[in-house]
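Note that the structure is predicted; figures quoted are calculated from it, not measured. Starting from 1, each residue takes its place in the sequence as its number.
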Amino acid sequence: MKTVFAIGDSHTFGAEILGPDEWGDENKVLAFPNKVKDLLGYDKVDNWGISGASIMYVERGLVDYLSSNPKPSLVIIGWTCLGRMEVCTGIDDDGKYEYRMCSSWNDPKWDREQKEFYKRLLPQMTSDDLLAEKYRTHIRCSALLDKLEIPHIFFDVMQNTKKEAPISGTNETNDLVDKLWSGDNPLDKKLYNFINKDNYIENTTYWEYCFEKPNVKWNGGHYNEAAHLHWSNYLVEELNKRQII
């Protein structure tokens, strides 16, 4: 059985394809991972995209999936926003680890408990090697897939999260603070150059590629099905052109 495994954030999941505020699993059927599966004539797709996913989740999810499932025929990774993270909060009754996601963007709609949780984690989320760690994750995931001889392709969801991110929060005196990662750090540049570009789409992103394509529309904060169709066709073209499959 040929399987596509895809992991990323809400754009990989397929959020709001069916309309604004539509977050159910029925959106997955219309998302680009399933369309890539159909275009390649594969048998199955495992879409582990989740809304609010962090880069930490992507690496953890990839390793967890590979450790517990038959080897997939293709892996697709959509790199999500910087400034998101997850922490293990315990173990459930079945012995599975439980995780909580948190974003560096301070949402005024958060309740008090969420804000306190965020403030406790803020110093870690705004560490200076935030972008470098994304590149390290990229390198580790690619090396693992190469070792297992699993075809794979990676891409960035948006240009403004590819190598930079505005990070906001409050300091000890509750003043708003902002920091921007620009990708200009010498180590960041060295790590980026260390990435294997054969399996990485660096000339465009999902958001920018689909932006002016026919019939593409916004549904809330996400694209409609037309964008997913355009992106799936583009991914298959890249897979063939790069001789990944």
* To do: Any chance you could lay out the side chain to side chain contact (heavy atoms under 4.5 Å, CB included) test for Ile201 and Asn203, step after step, and finish with the verdict?
  => CA-CA 6 Å; Ile201 298 173; Asn203 62 310; 3.5 Å; yes
* Asked: So Glu238 and Arg242, salt bridge (Lys or Arg N to Asp or Glu O under 4.0 Å) or not? Walk me through it.
  -> CA-CA 6 Å; Glu238 289 294 309; Arg242 297 165 185 259; 2.8 Å; yes
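- Here Phe13 is tied to no hydrophobic group at all, with no ILVMFWY side chain closer than 4.5 Å.
- Within the 4.5 Å cutoff, the side chain of Tyr234 has heavy atoms near those of the Tyr209 side chain.
- Annotation: Lys197, atom NZ; neighbour count of heavy atoms from other residues, nucleotides and ligands within 6.0 Å is above 12.
- Hydrophobic clustering of Ile, Leu, Val, Met, Phe, Trp and Tyr side chains at less than 4.5 Å, counting indirect connections, unites Leu62 with Ile195.
- Residues Leu40 and Lys2 fail the side-chain proximity criterion, which asks for heavy atoms closer than 4.5 Å.
- The distance from the SG atom of Cys141 to the CG atom of Asn196 is 13.0 Å, given to the nearest 0.5 Å.
- With hydrophobic clusters built from ILVMFWY side chains whose heavy atoms lie under 4.5 angstrom apart, Leu144 shares a cluster with Val75.
- Judged by distance alone, the side chain of His152 and the main-chain N or O of Asp146 form no donor-acceptor pair under 3.5 Å.
- Considering only heavy atoms from C-beta on, Pro151 stays 4.5 Å or farther from Leu145 through its side chain.
- Summarising the geometry of Lys134 relative to Asp156, their closest heavy-atom pair is NZ-OD1, 2.7 Å, with the distance given to 0.1 Å.
- Rounded to the nearest 0.5 angstrom, Lys241 NZ and Ile244 CD1 are separated by 10.0 Å.
- A donor-acceptor distance shorter than 3.5 angstrom exists from the side chain of Lys162 to the backbone of Glu202, with no hydrogens or angles considered.
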* Going through the checks in order, is the side chain to side chain contact (heavy atoms under 4.5 Å, CB included) test met by Lys28 and Asn34? -> CA-CA 7 Å; Lys28 281 187 178 182; Asn34 197 56; over 6 Å; no
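- Aromatic rings of Tyr223 and Phe32 (six-membered ring for Trp) have centroids beyond the 6.0 Å cut-off, not under it.
- Annotation: Glu98, atom CD; neighbour count of heavy atoms from other residues, nucleotides and ligands within 6.0 Å is above 12.
- The two residues Pro72 and Leu66 have their closest heavy-atom pair at CD-CD2, 3.7 Å.
- Taking the six-membered ring where the residue is Trp, the centroids of Tyr200 and Phe154 are separated by 6.0 Å or more.
- Side-chain contact between Val58 and Thr137 is absent, with no heavy-atom pair separated by less than 4.5 Å.
- Looking at Asn224 and Asn215, their side chains never come closer than 4.5 Å, going by heavy atoms from C-beta outward.
- Screening residues 37-56 for side chain to side chain donor-acceptor pair (under 3.5 Å), with sequence neighbours left out, gives Asp46-Tyr65.
- For Gly8 against Ala53, the heavy-atom pair with the smallest separation is O-CB, 3.3 Å.
- Side-chain contact between Asn185 and Leu131 is absent, with no heavy-atom pair separated by less than 4.5 Å.
- One finds the NE2 atom of His138 at 6.0 Å from the CH2 atom of Trp79 (value rounded to the nearest 0.5 Å).
- Here side chain to side chain donor-acceptor pair (under 3.5 Å) pairs that include residues 7-26, with residues two or more places apart or in two chains, are Asp9-Thr80, Ser10-His222, Glu16-His222.
- Salt bridge annotation for Glu225-Lys35: present, with a cationic side-chain nitrogen under 4.0 angstrom from a carboxylate oxygen.
- Between the side chain of Asn27 and the backbone N or O of Ala15 there is no donor-acceptor pair closer than 3.5 Å.
- Separation of atoms NZ (Lys189) and CG (Asp184) is listed at 5.0 Å; rounding is to 0.5 Å.
- Between the side chain of Tyr135 and the backbone N or O of Asp188 there is no donor-acceptor pair closer than 3.5 Å.
- Using modelled atom types, no side-chain atom of Ser142 and backbone atom of Ile139 make a donor-acceptor pair closer than 3.5 Å.
- To the nearest 0.5 Å, atom CD1 of residue Ile17 and atom CG of residue Leu30 are 5.5 Å apart.
- When hydrophobic clusters are built by joining Ile, Leu, Val, Met, Phe, Trp and Tyr residues whose side-chain heavy atoms come closer than 4.5 Å, directly or via intermediates, Val45 is not grouped with Val29.
- Looking at heavy atoms from C-beta onward, Asn193 lies out of side-chain contact with Leu191 at the 4.5 angstrom threshold.
- Both Leu74 and Tyr206 belong to a single network of hydrophobic side chains, linked directly or stepwise wherever heavy atoms of I, L, V, M, F, W or Y lie under 4.5 Å apart.
- Put simply, Leu39 and Ile245 are part of the same group of oily side chains (I, L, V, M, F, W, Y) that touch within less than 4.5 Å, one to the next.
- Side-chain atoms of Asp92 come within 3.5 Å of backbone N or O of Asp94 as a donor-acceptor pair.
- No more than 12 heavy atoms of other residues, nucleotides or ligands shown are found within 6.0 angstrom of CD on Glu212.
- Within the model, atoms CH2 of Trp207 and CH2 of Trp231 stand 12.5 Å from one another, a figure rounded to the nearest 0.5 Å.
- In this structure, Arg60 is not positioned above the aromatic face of Tyr97 in the sense of NZ or CZ being under 6.0 Å from the six-membered ring centre and within 45° of the axis.
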